There are 2 protein chains.
Amino acid sequence: MSPRTDADELTERPRVPLSRRRVLRAAVRLADRDGLESLTMRRLAQEVGVEAMSLYHHVANKEAVLDGVVEVVLDEIMTAVREAEAPPPERDWRAALRARILAARDVLLRHRWAPGLLGARTTMNPVVIAYYDQVVGLLRAGGFSFDLAHRALHVLGSRALGFAQELFQPGEAQPADAATAEQMADRFPNLAGMLADAVHDDPDGTLGFCDDQFEFEFALDLILEGLERRRAAGA
Amino acid sequence: MSPRTDADELTERPRVPLSRRRVLRAAVRLADRDGLESLTMRRLAQEVGVEAMSLYHHVANKEAVLDGVVEVVLDEIMTAVREAEAPPPERDWRAALRARILAARDVLLRHRWAPGLLGARTTMNPVVIAYYDQVVGLLRAGGFSFDLAHRALHVLGSRALGFAQELFQPGEAQPADAATAEQMADRFPNLAGMLADAVHDDPDGTLGFCDDQFEFEFALDLILEGLERRRAAGA
DNA sequence: ACCTGAACACCGTTCAAGT
DNA sequence: ACCTGAACACCGTTCAAGT
């Protein structure tokens, strides 16, 4: 590679030519840092030290950028899943699938904007197809009929890829003062009771009322257990 | 205002004054007809026969329009859920919840753009809170502890509101010819096997390979069964 | 082959002006 | 009180022109 100046080191390095790969990695970096709404063609160009129109030599259009960004994240997921420690599915398909899904989830937690984008993409992504093919293979090795494996894909849905399926985004949930808290208890007595119950268990307060990881695993285990029950029943 | 022509009668009717309610109902109509991406302030104004800037007298900004649109759909869901025929939860909480969720799903199927929008909204919507409060109340009446009801909300996730959680959007899935089909069988042997198996059961072809309603109910029943098992075990 | 500047057709939104 | 036209700061994208 060619020599570079201090400025190059710090900001851009125009010497290494632009490429699709470099554009997409910059897009992921931009979304990680500033959020998905900041990912515009103009800001992306700025991120790689080029004018906006230059991007069109490496990607067809913005849609292609979003597809590419999804691709990068999915590749990251596939790598994480491949390296996840898990028993062979022939011995314990539930543990095998569980480990893979939790590995996928770890990746998504590093790109919080990704689930929304992945969910919006309706086009069949080859990487996603390959992933679901692996899941079906795992289930087959675990003794599933093709038919029940099909059911399983639908039950798991995007959870198979580690999607959190959260109820709400955390934050901005606390009532401002005791008055509004009381008002809330009036309007939503059941939720208020649930919250009070949780506080009783954990006197530190409502902190950790929803432990995302715990909830994710509880849901996952319930689903896997239901699937195992049907598999064993020969469904 | 000036006298009007026949065209006025047919398209707009400026006589009934603009209102927040009228703007939001027009927005839902526009999204239903042309898709969510067509819902711009300018086109929405056109839909109600007014200039874009007039909208700002009735809604704060576009974000408020989207919030309002969500509100309209949620109101529709709440009405459908309220009118759903269901046993009292004290007698059969599973049937009670199942009927309500399927009623909610019916509404969402009439506004196919709504799940994406509802999913993107992270702010706590009062109507959603009220709905989840009702679900917790139902579970309580069915014998749930607050703690397990809390778990239940997370397991159900947006499925409690009738979200389909589909794997892919239908369409554009068929391989173009036999060659690519064979190629697909090579790359994704498990999915190919699954598809072949389904074709065997239903010789009419791959039509209805994924019966959305069936899959939704299968998943829902599996989840409800897992919850009932935990409730009965006194979790 | 790769990059660019100017331009176009769209956005959401502000503001001063109309009635 | 309600609506409007012109304008601003942004989009994605096209196109002809540069090297």
Side-chain angles (χ1 to χ4, degrees), chain A residues 1-2 4 7-8 11-28 30-31 33-70 113 116-117 120-121 123, chain B residues 1-5 7-8 11-28 30-31 33-70 113 116-117 120-121 123:
Chain A
M1 233 159 251
S2 41
R4 41 187 51 82
D8 285 334
T11 58
E12 351 156 3
R13 60 200 90 175
R15 293 231 174 61
V16 1
L18 210 47
S19 68
R20 184 184 129 86
R21 176 131 211 94
R22 228 158 69 80
V23 168
L24 296 182
R25 299 215 309 144
V28 171
L30 190 58
R33 199 206 315 132
D34 300 336
L36 193 60
E37 74 285 355
S38 297
L39 178 52
T40 70
M41 295 302 271
R42 281 170 165 89
R43 293 196 53 172
L44 176 55
Q46 194 181 321
E47 182 81 12
V48 293
V50 99
E51 292 302 312
M53 301 73 211
S54 306
L55 298 176
Y56 288 85
H57 284 275
H58 302 97
V59 291
N61 49 32
K62 178 156 189 192
E63 206 65 12
V65 171
L66 295 179
D67 284 338
V69 158
V70 164
W113 45 269
L117 184 58
R121 307 275 94 184
T123 55
Chain B
M1 227 157 252
S2 41
R4 40 190 49 81
T5 68
D8 285 331
T11 58
E12 352 156 2
R13 65 200 86 176
R15 290 224 177 68
V16 3
L18 210 47
S19 69
R20 184 182 129 86
R21 176 131 211 93
R22 227 157 71 80
V23 169
L24 296 182
R25 299 216 307 145
V28 171
L30 190 58
R33 196 205 317 132
D34 300 337
L36 194 59
E37 75 284 356
S38 298
L39 179 52
T40 70
M41 295 302 270
R42 281 171 165 88
R43 293 196 52 173
L44 177 54
Q46 194 181 321
E47 182 81 14
V48 293
V50 102
E51 293 300 314
M53 302 71 211
S54 306
L55 298 175
Y56 288 86
H57 281 98
H58 302 98
V59 292
N61 48 33
K62 178 158 188 189
E63 206 65 12
V65 172
L66 294 178
D67 284 338
V69 159
V70 164
W113 45 268
L117 184 59
R121 308 274 93 185
T123 55

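All values derive from a computational prediction rather than experimental measurement. Hydrogens, waters and symmetry mates play no part in the numbers below; they use all other heavy atoms, side chains included.
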_Nearest heavy atoms of B/Leu24 and B/Val65, plus distance in Å_ = CD2-O, 3.8 Å
*Specify the separation, in whole Å, of atom CG of B/Leu39 and atom P of C/dC10.*
17 Å
_Please convert DNA chain C into dot-bracket. A pair counts if it is Watson-Crick or G-U wobble with both distances under 3.5 Å; crossing pairs go in [ ] and bases paired with another strand get |._
||.|||||...|||||.||
_Rounded to whole Å, please give me the gap between CZ in B/Arg42 and P in D/dC8._
14 Å
*Under 3.5 Å donor-acceptor, B/His58 side chain and B/Leu18 backbone*: yes
*Using atom CG of B/Asn61 as one end and atom P of D/dA9 as the other, report the distance to the nearest whole Å.*
20 Å
*State whether the side chain of B/Ser54 and the backbone N or O of B/Val50 hold a donor-acceptor pair below 3.5 Å, judged by distance alone.*
no
For nucleotides 1-5 of chain C, give me every protein contact, N/O to N/O, under 3.5 Å, one pair per line with atom names.
{"unit_1": "C/dC3", "atom_1": "N4", "unit_2": "A/His57", "atom_2": "NE2", "d": "3.0"}
{"unit_1": "C/dT4", "atom_1": "OP2", "unit_2": "A/Glu51", "atom_2": "N", "d": "2.8"}
{"unit_1": "C/dT4", "atom_1": "OP2", "unit_2": "A/Ser54", "atom_2": "OG", "d": "2.7"}

*Specify the closest pair of heavy atoms between B/Val59 and B/Ala64, including all atoms of both residues, with the distance to one decimal.*
CB-CB, 4.4 Å
*Let me know which of A/Leu39, A/Val69, A/Thr40, A/Val48 forms a side-chain contact (heavy atoms from CB on, under 4.5 Å) with A/Leu30.*
A/Leu39
*Can you see which heavy atom on A/Met41 is nearest to which on A/Asn61, and at what distance?*
CE-C, 4.3 Å
_In this structure, how many angstroms lie between the P atom of C/dA9 and the CZ atom of B/Arg43, rounded?_
17 Å
*Specify the separation, in whole Å, of atom OH of A/Tyr56 and atom P of D/dT13.*
4 Å
*So do the side chains of B/Trp113 and B/Val28 get within less than 4.5 Å of each other, counting heavy atoms only?*
yes
*If you take all heavy atoms of A/His57 and A/Met53, which pair is closest and at what distance?*
CD2-O, 4.2 Å
*Distance, rounded to the nearest Å, where B/Leu44 contributes CG and C/dC11 contributes P*: 12 Å
*Using atom NZ of A/Lys62 as one end and atom P of C/dA9 as the other, report the distance to the nearest whole Å.*
21 Å
*Atom CE of B/Met41 to atom P of D/dC10: distance rounded to whole Å?*
19 Å
